[in-house]
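Basis for what follows: all heavy atoms, side chains included, without hydrogens, waters or symmetry-related copies.
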Protein chains: 2
Amino acid sequence: MPQRSATNKVMLEVVKTACSNCNLRELCMPLGLDHREMEKLDEMVSARHRIRRGEHLYRAGQRFDAIYAIRSGFFKTDVLIEDGRDQVTGFQMTGELLGLDGISTETHSCNAVALEDSEVCVIPFSHLEGLSREIRTLQHHFHKVMSREIVRDHGVMMLLGTMRAEERLAAFLLNLSQRFTARGYSPAEFYLRMTRDEIGSYLGLKLETVSRAFSRFQEEGLIAVQQKYVRILDTAGLKKLMSHQRG
Amino acid sequence: MPQRSATNKVMLEVVKTACSNCNLRELCMPLGLDHREMEKLDEMVSARHRIRRGEHLYRAGQRFDAIYAIRSGFFKTDVLIEDGRDQVTGFQMTGELLGLDGISTETHSCNAVALEDSEVCVIPFSHLEGLSREIRTLQHHFHKVMSREIVRDHGVMMLLGTMRAEERLAAFLLNLSQRFTARGYSPAEFYLRMTRDEIGSYLGLKLETVSRAFSRFQEEGLIAVQQKYVRILDTAGLKKLMSHQRG
DNA sequence: GAGCCGGTTTGATCCACGTCAAACCCGCTG
DNA sequence: CAGCGGGTTTGACGTGGATCAAACCGGCTC
């Protein structure tokens with residue numbers, strides 16, 4: 001049985017977490033490690049955390065010393081500026097990493113909040129750096145993950161800089177669909193874990209605009225929405241909408 | 001005298017580039033290396049490239065195998081999507097790294113174009129990975145640089161998602177000022193290397209809007225502009241403008 | 001020095017999205 | 001089952017920035 005102790009308001013389990021038989025392996029960690037390397041990887045993960053819906057995994061300003069791999073659940077990250085404005089910078093799901101932004105200053109630069117009850121693996125960053133000096137493939141994998149994050153952000157910048165409301169929402173839905181698919185869920189129907197307001201914040205729109213876009217998509221038969229439940233009826237239609245609006 | 005050979009349309013110099021006595025060291029590479037480590041660093045940089053104004057350092061779709069440190073000059077990076085829309089994702093200056101986005105897929109995901117005659121150090125990525133398995137401080141430095149890029153991108157997302165035109169331009173000017181300062185140039189006056197259109201693309205605005213915002217700032221005595229030459233007259237005013245517009 | 005050309009400025013008009021406000025929906029609690 | 005509250009939808013209206021268009025500016029070539 002795992003030991004338990006309360007840290008902040010969060011339950012910490014000191015378990016022997018085993019990457020070696022985690023079925024998210026191919027999402028979060030590199031393939032093709034030999035037996036010894038796999039054992040080391042298991043040691044790298046120091047613990048698992050359960051985070052309840054609405055709780056923070058970390059907050060902007062806190063000292064950074066670990067990154068987190070999402071075992072299950074759903075998160076958002078957001079940044080806040082003095083004058084009260086804030087923006088959701090991303091939504092993260094199973095198999096994705098959280099906390100990469102903290103490396104640069106050794107301080108988290110955004111908040112990470114669970115949008116549903118979730119579980120993460122805690123990967124102390126010094127362990128990760130140590131191990132990636134030993135295991136090439138791990139090193140390379142990690143670099144790719146960071147780079148992918150940069151590319152992803154460029155995509156969002158593109159979205160925010162050049163697309164109109166409906167294109168943004170279409171892009172957002174298609175992106176979710178694709179990520180759910182990669183995790184073995186239906187590409188065509190899913191529950192949104194976030195509110196209209198959070199979607200709007202992420203997409204640089206007001207919640208009313210998001211809501212109207214949803215309604216419009218429904219009218220046009222592209223999707224069926226019922227609150228947080230979304231069914232995509234016409235993927236091609238959504239794609240078309242994205243590319244050749246205006247121009 | 002360095003050997004010369006023409007590669008693409010770009011001059012390549014096979015010189016013994018020496019990080020060890022490069023005065024950008026503190027900007028692009030880690031401090032506190034001992035003599036032997038410094039020598040290895042020198043070997044890591046395989047060559048220097050000269051890029052003339054308007055030329056591409058690399059293009060989206062090309063195979064990635066090196067990152068580039070800007071020795072001198074000024075670049076922009078931009079992404080292009082099918083339907084013809086494009087967006088500038090960043091402006092890079094002396095001491096900054098280019099090409100990090102290519103690691104994830106081993107293919108460059110954006111274009112890098114020199115906005116003035118420039119010179120870069122070519123750092124083959126496999127060398128960098130190899131060396132950072134040996135030198136902890138180099139490894140850690142590199143991770144910080146990648147992470148900083150992510151944080152920077154979040155800042156841009158914030159800008160694009162929540163700020164209005166004049167706030168965006170103010171943020172842009174203050175950011176440039178700060179980066180020039182860090183490089184020993186005047187914080188208050190500089191030449192813009194990019195056009196109004198490129199600024200607009202970066203800030204998610206049309207060039208007319210950028211131009212109007214410049215004019216407005218000038219009317220209000222915040223800056224003096226003459227084409228690409230900008231003098232900041234009231235830094236505090238620009239900052240104030242950013243924070244407490246609309247509220 | 002005339003003429004051209006890319007980039008910029010400025011003005012007039014338009015429209016997508018924001019703002020404000022009311023109603024609605026659904027799950028909870030007493 | 002009434003009442004409440006967070007989230008959502010929908011409508012009416014206002015506005016910041018896009019669009020369209022014309023003029024301007026400085027550097028270039030012939």
Can I get a per-line list of side-chain donor-acceptor pairs under 3.5 Å for residues 152-161 of chain A, giving both atom names and the distance, sequence neighbours left out?
unit_1	atom_1	unit_2	atom_2	d
A:Arg152	NH1	A:Tyr202	OH	3.4
A:Arg152	NH2	A:Thr89	O	3.4
A:Arg152	NH2	A:Glu149	OE2	3.4

Exercise. Does B:Thr105 have any side chain to side chain contact (heavy atoms under 4.5 Å, CB included) partners at least two apart in sequence or in another chain, and if so, which?
Worked result: B:Thr107
Exercise. Could you give the NZ-to-P distance, from A:Lys228 to C:dG27, as a whole number of Å?
Worked result: 12 Å
For this session: Using atom NZ of A:Lys206 as one end and atom P of C:dA21 as the other, report the distance to the nearest whole Å.
Result: 16 Å
Exercise. Partners of A:Phe190 by ring-ring contact (aromatic ring centres under 6.0 Å, His included), sequence neighbours excluded?
Worked result: A:Phe180
Please list, pair by pair, any protein nitrogen or oxygen found under 3.5 Å from a nitrogen or oxygen in nucleotides 3-6 of chain D.
none

Problem set entry | Spacing of B:Tyr191 atom OH relative to C:dT8 atom P, expressed in whole Å | 14 Å
For this session: Mind checking side chain to side chain contact (heavy atoms under 4.5 Å, CB included) for B:Arg179 and listing every partner two or more places apart, or none if nothing turns up?
Result: B:Met93, B:Glu96, B:Asn175, B:Leu176, B:Arg183
For this session: Identify the heavy atoms of A:Gly73 and A:Glu116 that sit nearest to each other, and give their distance.
Result: CA-OE2, 3.3 Å
Exercise. Starting at the 5' end of DNA chain C, which residue's closest nucleotide do you reach first, B:Met194 or A:Arg168?
Worked result: B:Met194
Seminar exercise, completed: Residues at least two apart in sequence or cross-chain that pass side chain to side chain contact (heavy atoms under 4.5 Å, CB included) with A:Thr181, listed by chain then number, are A:Ser177, A:Pro187
Check nucleotides 9-16 of chain C for protein N or O atoms closer than 3.5 Å to its own N or O atoms and list the pairs.
unit_1	atom_1	unit_2	atom_2	d
C:dT9	OP1	B:Arg196	NH2	3.3
C:dT9	OP2	B:Arg196	NE	2.9
C:dT9	OP2	B:Ser211	OG	2.8
C:dT9	O5'	B:Ser211	OG	3.2
C:dT10	OP2	B:Ser215	OG	2.6
C:dG11	N7	B:Arg212	NH1	2.9
C:dG11	O6	B:Arg212	NH2	3.1
C:dA12	N6	B:Arg212	NH2	3.4

Seminar exercise, completed: In whole angstroms, the gap separating C1' of C:dG27 from CZ of A:Arg53 amounts to 12 Å
For this session: If a pair satisfies salt bridge (Lys or Arg N to Asp or Glu O under 4.0 Å) and one of its residues is in residues 224-235 of chain B, list it, with sequence neighbours excluded.
Result: none
Seminar exercise, completed: B:Leu203 CG to D:dA18 C1', in whole Å, measures 15 Å
Exercise. What bend angle does the helix from C:dG1-D:dC30 to C:dG30-D:dC1 show across its length, from five-pair end axes and to the nearest 10 degrees?
Worked result: 30°
Exercise. Taking atom C1' of D:dT8 as reference, at what distance in whole Å does atom CG of A:Leu205 sit?
Worked result: 16 Å
Exercise. Residues in ring-ring contact (aromatic ring centres under 6.0 Å, His included) with A:Phe214, at least two apart?
Worked result: none
Problem set entry | A:Arg216 CZ - C:dC17 C1' separation (whole Å) | 13 Å
Exercise. NA contact type, A:Gly204, heavy-atom cut-off 4.0 Å: base, sugar-phosphate, or nothing?
Worked result: sugar-phosphate
Name the atoms and distances for all side-chain donor-acceptor pairs under 3.5 Å in residues 217-224 of chain A, with sequence neighbours left out.
unit_1	atom_1	unit_2	atom_2	d
A:Gln218	OE1	A:Val225	N	2.8
A:Glu220	OE2	A:Arg216	NH1	3.3

Problem set entry | Any residue meeting side-chain hydrogen bond (donor to acceptor under 3.5 Å, both in side chains) with B:Gln227, in chain and number order, not counting sequence neighbours | none
Exercise. Can you name the closest pair of heavy atoms from B:Arg63 and B:His108 and give their distance?
Worked result: O-CD2, 3.7 Å
Exercise. Just how far, in rounded Å, is C1' of C:dC17 from CG of A:Leu169?
Worked result: 14 Å
